[in-house]
Amino acid sequence: MTARQLVRAYIDETGDRGTGASASPYFAFAAALCADESEAPMRATMSQLRRDLRCPPGKALHWKDHVKTYSRRQHVAQTLAQLSGVQIIYVVVEKAAIPAQAGMRQNHAVFYNFAAGITMERMLLSARDWPGGPRDVVVRFGHVRGFDHRTTRSYFNIKRQTGPGWLPWQRLHGDVKFEDQAKWDGLQAADQYAGMLSAAIRPDQFGGFEAAHLLAIRHQLRRINGVSWSYGFKYLGNDVTMTGMPWWPTGGL
């Protein structure tokens, strides 16, 4: 039997899971899916970016630590935008839209696992619908310090057993991993894509938004019939909060 082709998914988060007054307005996952044959070019690109940005050897390239200025962000976005064989999936939770009685407001594990579950579903569907034919997907999330990811694995198992039959869980290759960013170029790439999203949707101290970097990689978003909304860009909240952003493209992201 011929082995199935693979796509490798790397997932990082942006924003916190708190819902208090000082918490971030959004929590989001950024998933970078890379065709197996595009893995080497992606890794070479990340290696070059670490050199360009003088990231210390052995350290992970972090948006918040190494990509603080506009020129650096522009360079990262324009460099990653040239990668082929890559699909990006964003899952964004608008905290203000979470019902007052929802468990997500009281339990950070429930919050994280719910959003991770939605991300997992989108990745499975992306693997099934991959250009050129269905593939299996290898999944690696960035490890969250102090978080018990066993709860996430248990949640995924529950979704697999009780979820709708049309979700292609058979496309998951092996166990879901939770890894240190420094070990995987793909996780560092996902960190950059998460940073681009954060800059676009979180206002600065003057109420402005830095969306140019997200718009530079919009062609990499997963799409169905040309549409990214709900496919490569899954928004959990009041749609108008996002589509009403001053930078939001007229024809959609």
Side-chain angles (χ1 to χ4, degrees), residues 8-16 24-34 38 41-43 45-50 52-53 55 60-94 115 118-119 122-123 126 140-142 181 184-223 228-237 241-249 251-253:
R8 300 182 184 276
Y10 302 95
I11 308 95
D12 194 38
E13 61 183 273
T14 181
D16 57 64
S24 62
Y26 303 97
F27 175 81
F29 280 111
L33 285 76
C34 184
S38 300
M42 180 274 290
R43 295 191 64 186
T45 294
M46 293 307 301
S47 181
Q48 183 62 54
L49 283 174
R50 283 193 295 273
D52 293 346
L53 301 176
C55 181
L61 181 67
H62 285 294
W63 179 271
K64 67 178 182 179
D65 295 331
H66 308 113
V67 199
K68 296 180 179 180
T69 64
Y70 187 93
S71 59
R72 283 177 167 246
R73 293 175 175 184
Q74 184 180 51
H75 178 62
V76 168
Q78 291 179 348
T79 300
L80 290 179
Q82 297 175 40
L83 289 175
S84 60
V86 170
Q87 286 188 13
I88 305 304
I89 295 172
Y90 289 117
V91 173
V92 185
V93 180
E94 179 190 354
I118 299 295
T119 307
R122 292 298 178 279
M123 293 187 296
S126 179
R140 286 187 174 87
F141 282 80
Q181 274 193 346
W184 296 96
D185 292 302
L187 288 176
Q188 295 173 54
D191 175 275
Q192 303 308 300
Y193 284 107
M196 295 178 215
L197 173 69
S198 179
I201 66 177
R202 297 182 65 179
D204 61 26
Q205 59 181 321
F206 304 110
F209 300 89
E210 196 173 302
H213 319 303
L214 179 65
L215 295 176
I217 59 89
R218 62 189 292 202
H219 62 283
Q220 294 175 324
L221 291 174
R222 177 179 179 246
R223 298 176 186 275
S228 67
W229 187 264
S230 192
Y231 301 108
F233 195 92
K234 177 63 175 177
Y235 189 71
L236 304 171
T241 304
M242 186 57 56
T243 60
M245 290 274 183
W247 55 265
W248 191 263
L253 191 61

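A centroid separation of 6.0 Å or more is found between the aromatic rings of Tyr235 and Trp248.
Side chain of Asp12 to main chain of Ala30: no donor-acceptor pair is present (N/O by atom type, distance under 3.5 Å, no hydrogens or angles). The closest donor-acceptor contact from the side chain of Trp247 to the backbone of Ala200 lies under 3.5 Å. The backbone N or O of Leu53 lies less than 3.5 Å from a partner atom in the side chain of Arg72, making a donor-acceptor pair. Put simply, the side chain of Thr119 gets close to the backbone of Ala115: a donor and an acceptor are under 3.5 Å apart. Of the possible polar contacts, none joining the His62 side chain to the Asp191 backbone as a donor-acceptor pair under 3.5 Å is found. Put simply, the side chain of Arg140 never gets that close to the backbone of Tyr10: no donor and acceptor are under 3.5 Å apart.
Annotation: side chain of Phe29 is not in contact with side chain of Arg122 (no heavy-atom distance under 4.5 Å). Side-chain contact check for Leu197 versus Tyr26: every heavy-atom pair is 4.5 Å or farther apart. At a threshold of 4.5 Å between non-hydrogen side-chain atoms, the residues Ile89 and Lys234 do not count as touching. Using a 4.5 Å heavy-atom threshold, the side chains of Ile217 and Met196 count as touching. Proximity of Leu253 to Thr243: side-chain heavy atoms (C-beta onward) are nowhere separated by under 4.5 Å. Taking 4.5 Å as the limit, some side-chain heavy atom of Ile11 sits within range of a side-chain heavy atom of Met123.
Taking CZ of Arg43 as the start and CH2 of Trp184 as the end, the distance is 7.5 Å to the nearest 0.5 Å. One distance of note links CG of Asp185 with CE of Met42; it measures 6.0 Å at 0.5 Å rounding. The line from CZ of Arg8 to CG of Leu33 is 12.0 Å long, rounded to the nearest 0.5 Å. To the nearest 0.5 angstrom, Gln220 atom CD is 10.0 Å from Gln82 atom CD. Atom OG of residue Ser126 and atom CZ of residue Arg222 lie 5.5 Å apart, to the nearest 0.5 angstrom. Rounding to the nearest 0.5 angstrom, the gap separating the CG atom in Leu83 from the OG1 atom in Thr45 is 4.5 Å.
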Evaluate side-chain contact (heavy atoms from CB on, under 4.5 Å) for Val67 paired with His75, printing each intermediate quantity in order.
-> CA-CA 9 Å; Val67 199; His75 178 62; over 6 Å; no
Residues Leu61, Met46; criterion side-chain contact (heavy atoms from CB on, under 4.5 Å); working and verdict | CA-CA 8 Å; Leu61 181 67; Met46 293 307 301; 4.0 Å; yes
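Side chains of Gln192 and His213: a donor-acceptor N/O pair is absent below 3.5 angstrom, by distance only.
Evaluated for a side chain to side chain contact (heavy atoms under 4.5 Å, CB included) with Tyr193, the options Leu214, Leu221, Val86 yield exactly one hit, Val86.
Counting all heavy atoms, side chain and backbone alike, Ala194 lies closest to Glu13 at CB-O, 4.1 Å. Across every non-hydrogen atom of Arg202 and Gly15, the tightest pair is NH1-CA, 4.4 Å. A pairwise comparison of heavy atoms in Arg218 and Gly252 identifies NH2-O, 2.8 Å as the closest pair. The two residues Ser38 and Gly85 have their closest heavy-atom pair at OG-CA, 3.6 Å. The minimum heavy-atom distance between Cys55 and His66, with the atom names listed, is SG-CE1, 3.8 Å.
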